[in-house]
Amino acid sequence: MIYPQLINYIQTQLTQGVTKEVIINTLLNIGWQRSDIDEAFNNLSNPPVVPPQNNLAAQNRPITENDYPVQFTWIYKTMVPLIFVVFFSILLLLFGFINYYLIFLILYSPIHFIITILRRNNFHYLIDARFMILKQGIISKQERNIPYGVIQNVFVRQDLFDRIFGLSSLAVENAAQGAGAKERVTKIFGMTVTNTKKQEAEMIGFKGNKASVPGLKREDAETLKSIILDRIKQNPIEDSQSGL
Amino acid sequence: MAIAMSKTREQYPLSTKKVLKKTLAGTFIWSILLLVICIPLSIVFATSSTGLANYLIPAAIGVIFFLLIIIVLIYSYQWWYYNVYFYDLTPDYIVIKKGPITPREITIPYERIQDIYVDQDILDRLFGLYDVHLSSATISSGMEAHIDGVEKPAADGLRQLLLQTVGDRISKNRPQANPPQTNPVTPA
């Protein structure tokens, strides 16, 4: 961390002719960390202009979805399974197998396309110094603020179509209500038989305890993940409840 | 293909017996499935009046052949899975990445780890393998964040290392780690 008062002190000491080693020893003896001292020395020529309370802001400008956007190809990727189903249903209909559900499916698919585009356009995230602010909602707007201290896990996933399109999806979980209560895993002789992974429709935005940003470029997802992990590290919670 | 290696995996490696165990489990399930399908069918064929009964033995051979192909496929998939399995204990968090076709990665900062438990299921006991599970305060982390298929020394080592790291992390946060905010004393 950069401490402007430390930099000022070092500068005054240097102009008074005190040697660097003496300054460092003095500072170490009264409890300053060596890393902070070194950083102050490095910043002598250009001290930061921000006041000490906001010195984090200089390093952590807010990052929004404009920096790491949800790619438009994600919309195509979500449509791919639906297109297969629609194609198959059209074939069935042509063969005379009339089923109202199939007709509904065919009529619904362009609506699904438009809704997904609207969802993507209405989803905004802002990665601030202390909070993550997420906004979503086409008709009814929702906003959520997540402090970094409560983020429990960070997930990065790619499913099969993601790999084809070069996309990746990032999700962040906290300990809020609705923490995946419907997920059940059964293990038979060590092989996990679960029916939840397949039903997991990929969502954009937040729901329950999970905030998910799908459709990021592979490198963007990794960068965003390291940014979030960085912020988590810079915002530790003072009181840990792990009990260890 | 190359094994996804990390410093942690070198120290506490995944056992190759895991591949055998998963193959065995898969074989078991598939054979039960095939039995359930084939036995009623073969009874129907054997008691039918047409000459279908003559086809029983070639059909049985065909089914066994099919099972062998499935075993080979499962075995190669499990080897692929074993190679792509990645876990690393970095200074700030633990990252576990699994899945050859659909990679899934979970990152948990040490301060968020709620518990660490080690278990064995019945096939694990046969091969002497252990699963080390981590969880944070979410249910899905308990399912996703686990390192399965390590042998006893690696399991104990991982458990010790994790407990120690988490303990260090938490006790570091209690006393204020920030330097004193008062102005430095000018030397005499």
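All chains are named by letter (A, B, ...) in the order of the sequence lines, taking the proteins before the strands, and each is independently numbered beginning at 1. No hydrogens, no waters, no symmetry mates; every other heavy atom, side chains included, goes into these values.
- Within residues 143-154 of chain A, the residues approaching chain B closer than 4.5 Å by heavy atoms are, in numerical order, A:Tyr148, A:Gly149, A:Val150, A:Ile151, A:Gln152, A:Asn153, A:Val154.
- Listed by chain and number, the residues in a ring-ring contact (aromatic ring centres under 6.0 Å, His included) with B:Tyr77 amount to none (sequence neighbours excluded).
- Dense packing is recorded around NZ of A:Lys77, with more than 12 heavy atoms of other residues, nucleotides or ligands lying under 6.0 Å away.
- For residues 81-99 of chain B, the interface with chain A (any heavy-atom pair closer than 4.5 Å) comprises B:Asp92, B:Tyr93, B:Lys97, sorted by residue number.
- What you find for A:Asn209 and B:Thr138 is that their closest heavy atoms are ND2-CG2, 3.5 Å.
- Side-chain contact between B:Arg112 and A:Glu173 is absent, with no heavy atoms from C-beta onward closer than 4.5 Å.
- Between chain A and the residues B:Leu24, B:Ile106, B:Ile101, the largest count of heavy-atom pairs under 4.5 Å involves B:Ile106.
- Counting heavy-atom neighbours within 6.0 Å of B:Trp79 CH2, excluding the residue itself, gives a total above 12.
- Residues passing the ring-ring contact (aromatic ring centres under 6.0 Å, His included) test with B:Phe66: none are found, sequence neighbours excluded.
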